[in-house]
Amino acid sequence: MTMQERLSIPTSSYADGGVKRMLIDGQFIEAVAGATFESRNPATGALLAHVAEGDGTDIDRAVASARRAFDDGRWSRMKPFDRQTILSRFADLVESRHEEIACLDTLDMGSPLVRTLGNRRRAVGMARFYAGLTTALRGETIDNSIPGEFFTYTLHEPVGVVGAIIPWNNPHIAFIWKVGAALSAGCTVVLKPAEEASLTALLLGEMLLEAGLPAGVVNVVPGRGEVAGAALAQHPDVDQIAFTGSTATGQAILRASAGNLKKVTLELGGKSPNIVFSDADLERAVPGAAMAAFVNSGQVCSAGTRLFVDRSIYEEFVERVAEFGRSLLIGNGLDEETQLGPVVSQAQLDRVTGYFTIGRDEGATVLSGGVRLVEGELAQGYFVAPTVFSNVRDEMRVARDEIFGPVISAIPFDGSDDLIARANATTFGLGAGLWTRDIGRAHTFARAIRSGSVWINCYNQMDPAVPFGGYKMSGYGREGGVRHVEEFLNIKSVWIRTD
Ligand code: ADP
């Protein structure tokens, strides 16, 4: 029996080619202009749905709804216990209906079921984590040194209306991450999903209503980035933007947000170094280094794509990573065996295959992959082979640019003198990996590397309680952990003269 057959819900029941409407003020409605765009399965080209396409007018309506919902206190002044009850019910729904959520992401953006279903623990864990924090938020009392009697304390208050703009590479996780934290803080939300993957955002919006979330507290407006996304980023009634996506779009959002000086958190791109020393446990390091870059067909912002390998083991190690890539089963993500699905779109396919050409032209050696896959049914989708470039030099574009495809640029190193400087020689700073048995080297590296996450003898581990985010042009603000909810809080200091 295939995994698809084992799913309790037939895929056709919620990706039926019908119109999926946007969520504004507790209602699923058409765009004011009546526009829709097509959502297609990147593995087959099949039409999944027509999605209501929001523009500036729809964003205005959604923001007005979120503003009303914030200002009248229906969420922000609801007792923490009651907010927690609703968010816990939402977590229960995510748990009981996760198959449906995962399947919809697989259809919409191609990631295989093994991965989308595998995100269940994280998705439910995040929803529970933010529900739990709802009753744990608090201000503080502070001893001041002012002559006389003054009592000072802080109120930690929700920032207001949050515009959440999310990408397509892990849609349901991105939704729960951003919306969970904003709701936990007491904010209201207008979320714009990526045009490549809007369907789970609409499903999760429906689940929030079912859990008892009051109308208008979360609004979901699908649409184009440069239209609906830009309208949200520049909207004068939005207090904060929480964005995940490319660095260029992050910069555009920052500029757009200047009008009313919105608070902005940005989780952007990466070109993360992954360093393998000869003393590493190679049985772990080979699959670890391969999947650090190949998982989700490389469409992971913290992917370990710059693979630095000790020259003494370089040839053998890199060949083993390439062999691991060749052994991965690539196909429609609904098949149980599939380990890697397609990339998300024609644009993404063009981008990745463009880098195959760039790498070759720069003189890198294609050890494996480097081609689009077109055998049989794969021709209908956007499939590329896991690729290892060897003999890469630091200055090559394939070693510097974020490709966002399953592409490893393998670079040899001799000794460790300038290794950290080379690893840090990037405009990004999202993730970094190190494989070694030397504990001193591991600690030195963890301290010296300029990135928001460091993985030693593992890669890309994530947990709801652990912060994640960028240094340098990978952005700022942290998602995950208690600090994440604090990103959505303003601190007010209160002074009371008591004598
Ligand atoms: P990618 O290149 O991975 O698609 P983007 O940064 O373009 O990443 O997209 C991430 C999210 O940002 C998507 O929801 C997209 O629609 C949105 N977006 C794109 N351009 C803009 C923009 N100018 N203003 C606001 N949001 C945008």
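One-based numbering, in listed order, for ligands and for the atoms of each.
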- Task: For side chain to side chain contact (heavy atoms under 4.5 Å, CB included), just list the numbers for D60 and H235, CA-CA rounded to whole Å, side-chain angles, deciding distance to a tenth of an Å, and then say yes or no.
- Result: CA-CA 8 Å; D60 282 345; H235 204 290; 3.0 Å; yes
- Message: The test is salt bridge (Lys or Arg N to Asp or Glu O under 4.0 Å); show your working for K178 and E267 and say whether it passes.
- Response: CA-CA 11 Å; K178 285 208 167 24; E267 200 266 88; 6.0 Å; no
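Not a single heavy atom of F404 lies less than 4.0 angstrom from ligand 1.
Checking atom 7 (O) of ligand 1 against the protein gives a heavy-atom contact under 4.0 Å.
Scanning the protein for heavy atoms near atom 25 (C) of ligand 1, the closest one is G229 C, 3.1 Å. The nearest heavy-atom contact from the protein to atom 17 (C) of ligand 1 is I165 CG2, 3.7 Å. Here the heavy atom of the protein found nearest to atom 15 (C) of ligand 1 is E195 OE1, 3.5 Å. Given atom 20 (N) of ligand 1, the protein heavy atom at minimum distance is T249 CG2, 3.4 Å. The nearest heavy-atom contact from the protein to atom 1 (P) of ligand 1 is W168 NE1, 3.8 Å.
Contacts between I253 and ligand 1, counted as non-hydrogen atom pairs separated by less than 4.0 Å, involve the side chain only. With a 4.0 Å cut-off on non-hydrogen atoms, A233 does not touch ligand 1 at all. With a 4.0 Å cut-off on non-hydrogen atoms, P193 touches ligand 1 through its backbone and not its side chain. Of the heavy atoms in F243, only side-chain atoms (C-beta onward) come closer than 4.0 Å to ligand 1.
In this pair, Y130 and H484 present their aromatic rings perpendicular. The plane angle is above 60°, beyond the 30 to 60° band.
Of the listed options A248, G250, G225, G225 places a heavy atom closest to atom 27 (C) of ligand 1. Scanning V344, I166, L232, T247 for the heavy atom closest to atom 14 (O) of ligand 1 points to I166.
Counting the atoms of ligand 1 from 1 in the order shown, those under 4.0 Å from a heavy atom of A230 are 24 (N), 25 (C).
Between the side chain of N219 and the backbone N or O of G216, at least one donor-acceptor pair lies under 3.5 Å. Counting only distance, with no hydrogens or angles, the side chain of T387 and the backbone of G370 share a donor-acceptor pair below 3.5 Å. Looking at R400, its side chain never comes within 3.5 Å of a backbone N or O of T426 through a donor-acceptor pair.
Within a 6.0 Å radius of CZ in R121, other residues, nucleotides and ligands contribute 12 heavy atoms or fewer.
Atom OH in Y471 sits 11.5 Å away from atom CG in L430 (nearest 0.5 Å). The distance from the CG atom of D237 to the CZ atom of F70 is 11.5 Å, given to the nearest 0.5 Å. Atom CG of L113 and atom CG of N332 lie 8.5 Å apart (nearest 0.5 Å).
Looking at ligand 1, you won't find any N or O of E196 less than 3.5 Å from one of its N or O atoms.
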